[in-house]
Amino acid sequence: QVQLVESGGGLVQAGGSLKLSCAASKRTFSNAVMGWFRQAPGKEREFVGAINWSGSMTYYADSVKGRFTISRDNAKNTVYLQMNSLKPEDTGVYYCAAERRPWTSSWFMRQDAYDAWGQGTLVTVSS
């Protein structure tokens, strides 16, 4: 069964913005660290950022730091990825993931640490 559903992807010009959403079931979302990953064409999936359950802690890949912001609305079981100053190299399929584990060390950067995944949403940034 589908536990996570991403939306908000699309085509945008370089320098533009997009906001992705990831809606989850309450069971999947509760007390979960939420991560965002992306996969560019011909490349492996990579970590983008993550947020803890309360929203008080976030961590970003260096490539997106200062441009992307992760937030969450626990009442709506939804996590967001606000992407600003987009670059062509940000093009790819964006996935959200959930794992119910305390925010310790840096496990949240590892794909294999997450149990639940969405189907992905495509972001294309034109130059």
query: So Phe68 and Tyr94, would you call those rings parallel, tilted or perpendicular, with 30° and 60° as cut-offs?
result: tilted
- request: First locate atom CE of Met34, then atom CG of Asn77, and finally report the distance between them rounded to the nearest 0.5 Å.
  value: 9.5 Å
message: Tell me whether the rings of Trp107 and Tyr114 are parallel (<30°), tilted (30 to 60°) or perpendicular (>60°).
response: tilted
- request: Please name the pair of heavy atoms, one in Ala24 and one in Leu4, separated by the smallest distance, quoted to 0.1 Å.
  value: CB-CD2, 3.2 Å
field: Six-ring centre of Trp117, Arg45 cation under 6.0 angstrom, axis tolerance 45°
entry: yes
- prompt: Counting only heavy atoms not in Tyr59, do more than 12 sit closer than 6.0 Å to its OH atom?
  reply: no
task: Determine yes or no for a side-chain-to-main-chain donor-acceptor pair under 3.5 angstrom, with Thr91 supplying the side chain and Glu89 the backbone.
output: no
- prompt: Any ion pair linking Asp90 and Arg38 (charged N to carboxylate O, less than 4.0 Å)?
  reply: yes
field: Nearest-0.5 Å distance, NZ of residue Lys26 to CD of residue Gln3
entry: 16.0 Å
task: Mind listing the closest non-hydrogen atom pair of Ala116 and Thr28 along with its distance?
output: CB-CG2, 3.9 Å
- request: Using the rule that two of Ile, Leu, Val, Met, Phe, Trp, Tyr join whenever any of their side-chain heavy atoms come within less than 4.5 Å, decide whether Leu11 and Val125 are in one cluster.
  value: no
Flag if over 12 foreign heavy atoms under 6.0 Å of NZ, Lys65: yes
- request: Kindly compute the distance separating NZ (Lys19) from OG1 (Thr69), expressed to the nearest 0.5 Å.
  value: 9.5 Å
task: Following the transitive rule for hydrophobic clusters with a side-chain heavy-atom cut-off under 4.5 Å over Ile, Leu, Val, Met, Phe, Trp and Tyr, establish whether Tyr80 and Leu18 coincide in one cluster.
output: no
- prompt: Given side chains that start at C-beta, do those of Val123 and Met83 come closer than 4.5 Å, heavy atoms only?
  reply: yes
task: Would you check if Tyr95 and Val48 make a side-chain contact, meaning some heavy-atom pair closer than 4.5 Å?
output: no
- request: Report yes if the side chains of Arg67 and Lys87 come closer than 4.5 Å at any heavy-atom pair, otherwise no.
  value: yes
query: OG/Ser54 to CG/Asn74 distance, rounded to the nearest 0.5 angstrom?
result: 8.0 Å
- prompt: For Asn84 and Ser17, does a side-chain donor sit closer than 3.5 Å to a side-chain acceptor?
  reply: yes
task: Measure the shortest side-chain to side-chain distance between Phe108 and Glu99 over non-hydrogen atoms and say whether it is less than 4.5 angstrom.
output: no
Value rounded to 0.5 Å, distance of CD1 in Ile51 from SG in Cys96: 12.5 Å
Arg100 to Ala32 - nearest heavy-atom pair and separation: CG-CB, 3.9 Å
message: Which heavy atom of Leu86 sits nearest to which heavy atom of Val12, and what is that distance?
response: CD1-CG1, 3.6 Å
- prompt: Closest heavy-atom contact between Phe37 and Phe47?
  reply: CD2-CA, 3.4 Å
statement: Shortest non-hydrogen pair, Trp36 vs Leu20, comes out as CH2-CB, 3.8 Å
message: For Val79, run the side chain to side chain contact (heavy atoms under 4.5 Å, CB included) check against Ser21, Cys22, Ser71 and tell me which one passes.
response: Cys22
task: Go through Phe29 and Arg72 one step at a time and tell me if the side chain to side chain contact (heavy atoms under 4.5 Å, CB included) criterion holds.
output: CA-CA 10 Å; Phe29 200 78; Arg72 65 192 296 163; 3.3 Å; yes
